[in-house]
Amino acid sequence: MVAPEPTSRLIAELPSASRRLLDTVTHLPDDAVLRPSLLPGWSLGHVLTHVARNADALVNLCDWARTGVRKPMYVSVEAREADIADGAARPLAEQVRDLVDAEARLLERFEDLPAAAWAAEVSWPSGATRTANHLAAARLNELEVHHVDLGLGYWFSDVPAESRAALLTYTTSRWPSDFPVVLESTDTTWSSPLRPAGARIVTGGSAELLSWVLGRSDGSALGDDMPEAPPWG
């Protein structure tokens, strides 16, 4: 593997994050895929199918970075939603196999990506353009946030501290430069980039910070009248 640091460290975290998610779901009965998740309108099957298809979507971006030929994550928003809906009700065992296979395809692409490709620019569905060395953090983020979204007892405090810091860096680096909030973790050395003069300094545990940054809490555990965090996609 020729991925630059810290991308290679993030790639090394992916098998553990994937294994934690699989450990959470593999003991469930087949019909558990029909249970509601914490995401409005999505069952556990919707979440699991989305995580699998996200791996395939990132494979597309790897191919784009390697060849220089545009290959978007998803054909369209409608196709993405249809794939999730079509796969949501599959039996759990089938969904687990799909997750394992999709993760293996992505890790193989990461392994084979040449050094120059990690600096190639690719586009996200939001229209944002970033270099391919963001792909590993994007995948780690998907695995961890949607593991929480399953609502099966896994929370951001279960994410290893080093990964929490990496995901806080990944998400807050997407904030507008004039967003007037600075975050400081009280249980790690992590803090967000400097913001405009007078920015509000918010302190808290890295799990609470990550939950708010990712829109999974209203931030009331961090202070009163917390603003809505900017989009991270």
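All residue numbers refer to positions in the sequence shown, counting from 1.
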Contact check, side chains of Ser43 and Leu34, non-hydrogen atoms, under 4.5 Å
no
Any side-chain heavy-atom pair of Thr49 and Val47 under 4.5 Å
no
Do Ser8 and Glu5 meet the criterion of a side-chain donor-acceptor pair at a distance under 3.5 Å?
yes
Salt bridge (Lys or Arg N to Asp or Glu O under 4.0 Å) filter on Arg35, not counting sequence neighbours, yields none
Quick one: do Ser37 and Leu44 satisfy side chain to side chain contact (heavy atoms under 4.5 Å, CB included)? Show the steps, please.
CA-CA 5 Å; Ser37 73; Leu44 300 191; 4.0 Å; yes
Separation between CZ of Arg80 and CE of Met73, rounded to the nearest 0.5 Å:
8.5 Å
Side chain to side chain, Trp212 and Val181, heavy atoms closer than 4.5 Å
yes
Please state whether the rings of Trp118 and Phe110 are parallel, tilted or perpendicular, taking 30° and 60° as the class boundaries.
tilted
Taking the six-membered ring of Trp190, is the NZ or CZ of Arg164 close enough (under 6.0 Å from the centre) and on axis enough (within 45°)?
no
What pairs with Asp83 under salt bridge (Lys or Arg N to Asp or Glu O under 4.0 Å), at least two apart in sequence or on another chain?
none
Audit row: Val213, Thr172, side chain to side chain contact (heavy atoms under 4.5 Å, CB included) steps and yes/no
CA-CA 7 Å; Val213 165; Thr172 59; 4.3 Å; yes
Is the shortest side-chain heavy-atom distance between Val96 and Leu48 below 4.5 Å?
no
Quick one, Asp56 with Asn54, criterion side chain to side chain contact (heavy atoms under 4.5 Å, CB included). Give me CA distance, side-chain angles, the key distance, then yes/no.
CA-CA 5 Å; Asp56 290 337; Asn54 170 265; over 6 Å; no
Start with the C-alpha gap between Cys62 and Leu106, add the side-chain angles, then the distance that decides, and say whether side chain to side chain contact (heavy atoms under 4.5 Å, CB included) holds.
CA-CA 8 Å; Cys62 287; Leu106 179 59; 4.3 Å; yes
Parallel under 30°, tilted from 30 to 60°, perpendicular over 60°: which one fits the rings of Trp42 and His146?
tilted
Which of His50, His46, Arg216 passes side chain to side chain contact (heavy atoms under 4.5 Å, CB included) with Leu39? Answer is Arg216
